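Quick caveat, the model's predicted, so the values are computed rather than measured. Throughout, numbering of the chain's residues begins at 1 and tracks the sequence.
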Amino acid sequence: MGKEIKTIHDLPGVGAQGAEKLLAAGYKSLEAIAVASPMELQEAASLGEGTADKAIKAARDALEMGYETADKLAKKRELVGRITTGSAEVDGLIGGGIETQSITEIYGKFASGKSQWCFETAVTVQLPKEKGGLGGNCLYIDSENSFRPERVIQVANHLGLDSEKVLKNIFVARAYNADHQMLLAEKAADMITDKKIKLVIVDSLMAQFRAEFVGRGQLAGRQQKLNRHMRTLMKLAEMNNIAVLVTNQVMSRPDILFGDPTAPVGGNIVAHASKTRLYLRKSKGDKRVAKLVDSPSLPDGEALYRITENGVEDV
Ligand code: ADP
Ligand code: MG
C-alpha cells in the first residue's frame, strides 16, 4: 500500500515542483486532476506521459471514481436546479427551465433572440427558487460585444427587481479571441463559489473560433481546442451544480433541399457536449419559436413565445 493521497502533492511521480505547476495552472484539487486528460496535465506541468496517466489514475482511485451506483446518480439528479427562461411555454418544453449540471445550447440566425435569452436568464437566475430562479449570480462571457446592460435593466424592472443590484450580480468579461475565451472559462471555477455563481453564459460560443480558424486545413486544430473548451464548460456545470448556457451560430447547408437548411456550427464536438439544444427562429410579429432538437430525457417539440421590451415572455 502506498501512502494515502489527500492533495495534489501526494500524487506519485509529480513532485513538489510539478504540484506547484499544476496549482498555478488551476488544478487545485484531486477532482480537477481526476477529470483531466493526460495531454492537459502534460502541457500544464510538463509531466511525462506515464506520470500524467499515473497521477490521474491515483487521483481517481483516491476519490473512488469510476462506477457509481444508479441510486447515487439519481440523488445527484435530484439536485438539478432550473432557471426560468421567462416563458412558461418554453420552460415546459425543456422540463421546467434551463437545468444545472449540464450545458444548454441555443442556436439560430442573426437576430433570432439568442442574446435576449442571455439577458433574461442573467436576471432570472437571481430570482428565488419559488419564482423560477436559483438565488444565484451570473458569469457572462461576451465574445461578440453584444452584452447590453440597458436590456438587463428593463428585464429586472419588469420582474420587480432592483436593477442596480441585479447588474452588480452579473460578472461580465469580454473574450477577445478563442484562447482568451478558453482562459476565462477555466478561471471561472475560482469565481463560482466566491461570487455565488449559478449560471455561466457564453455568448457566443463559436464567433471567435470561427474568425480565427478559417481554412479547411485548420478545422482539426479548431475542433481540438473547441473540445477542450466544451470539456471545461461541462466540468463547470457538473462539478458545481450550475447551469451553462451557450449561444451558437448557424450555417446554411446546401445539401438539405427540403425543410430548414440551417444547422448549428461546431460539428459533433458541440453537438455531443450540449445536453439540451434549442433552435430559435422568428415567427409572425413579435412571436418566436423555440424548437427542442436534442434531449436525453424529453420528447422533441416546439414552444411559442415573444421577445418584448420586458424580455422573454409568453405569447
Ligand atoms: P441574436 O440571436 O443575434 O443574439 P438578439 O438576441 O440580439 O439576436 O435579438 C435581437 C432581436 O431582439 C431584435 O431584432 C428585436 O426583435 C428583439 N429586441 C431587442 N431589443 C428589444 C426591445 N427593447 N424590445 C423588443 N424587442 C427587442
Ligand atoms: Mg447575439
Side-chain angles (χ1 to χ4, degrees), residues 31-32 34-41 43 56 60 65-68 70 73 76-77 80 82-83 93-95 97-108 114 117-118 141 143 175 178-179 181-182 184-186 188-189 199-210 212-213 216 218-253 255-256 260-280 290-301:
E31 281 86 357
V35 297
S37 75
M39 280 281 280
E40 283 172 39
L41 294 194
E43 261 178 54
I56 291 168
R60 286 181 183 166
M65 277 170 69
Y67 287 103
E68 258 182 296
L73 293 177
K76 194 177 172 207
R77 285 288 301 164
V80 166
R82 292 177 185 281
I83 303 165
L93 177 70
I94 55 177
I98 293 168
E99 68 172 34
T100 63
Q101 297 184 19
S102 68
I103 299 174
T104 298
E105 174 193 353
I106 47 177
Y107 68 92
K114 303 181 291 295
W117 276 54
C118 298
I141 300 176
S143 72
D179 281 313
Q181 181 175 321
M182 289 166 70
L184 288 170
E186 278 154 32
L199 169 66
V200 171
I201 288 173
V202 184
D203 184 23
S204 93
L205 181 68
M206 292 295 299
Q208 298 291 355
F209 285 88
R210 283 183 103 188
E212 265 168 64
F213 299 87
R216 273 234 151 252
Q218 291 186 295
L219 199 60
R222 186 191 84 175
Q223 290 308 87
Q224 225 167 60
K225 277 205 166 180
L226 191 57
N227 188 34
R228 198 170 122 197
H229 189 42
M230 296 312 287
R231 283 169 46 98
T232 304
L233 294 173
M234 253 195 292
K235 279 187 231 167
L236 283 181
E238 286 177 18
M239 291 171 67
N240 302 288
N241 193 20
I242 64 165
V244 173
L245 176 66
V246 304
T247 71
N248 198 3
Q249 303 165 322
V250 291
M251 59 181 174
S252 52
R253 291 193 39 188
D255 55 316
I256 297 185
D260 197 333
T262 51
V265 299
N268 282 337
I269 303 264
V270 175
H272 288 154
S274 305
K275 203 162 125 202
T276 307
R277 307 190 97 186
L278 284 157
Y279 175 47
L280 306 186
K291 181 179 187 190
L292 182 63
V293 178
D294 230 347
S295 161
S297 52
L298 294 165
D300 289 359

Got a sec, which residues hit side chain to side chain contact (heavy atoms under 4.5 Å, CB included) with [X], two or more places apart in sequence or on another chain?
{"X": "T262", "value": "K109, V250, D260, Y279"}
{"X": "M39", "value": "S37"}
{"X": "R210", "value": "M206, R222, Q249, M251, V265"}
{"X": "E238", "value": "K76, M234"}

Kindly write out the residues that satisfy salt bridge (Lys or Arg N to Asp or Glu O under 4.0 Å) with D179, not counting sequence neighbours, or none if the list is empty.
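For D179, the residues satisfying salt bridge (Lys or Arg N to Asp or Glu O under 4.0 Å) (neighbours in sequence not counted) are K225.
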
Which residues share a side-chain hydrogen bond (donor to acceptor under 3.5 Å, both in side chains) with [X], sequence neighbours left out:
{"X": "K235", "value": "none"}
{"X": "R77", "value": "E99"}
{"X": "S204", "value": "none"}
{"X": "S274", "value": "E105"}

Spatial distance of atom CE (M230) from atom CE (M182) [nearest 0.5 Å]
11.5 Å

The ring pair (Phe, Tyr, Trp, His ring centres under 6.0 Å) partners of F209 (sequence neighbours excluded) come to H229

Is the shortest side-chain heavy-atom distance between T247 and L205 below 4.5 Å?
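Side-chain contact under 4.5 Å: no.
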
Are any of the side-chain heavy atoms of Y107 and V293 separated by less than 4.5 Å?
yes

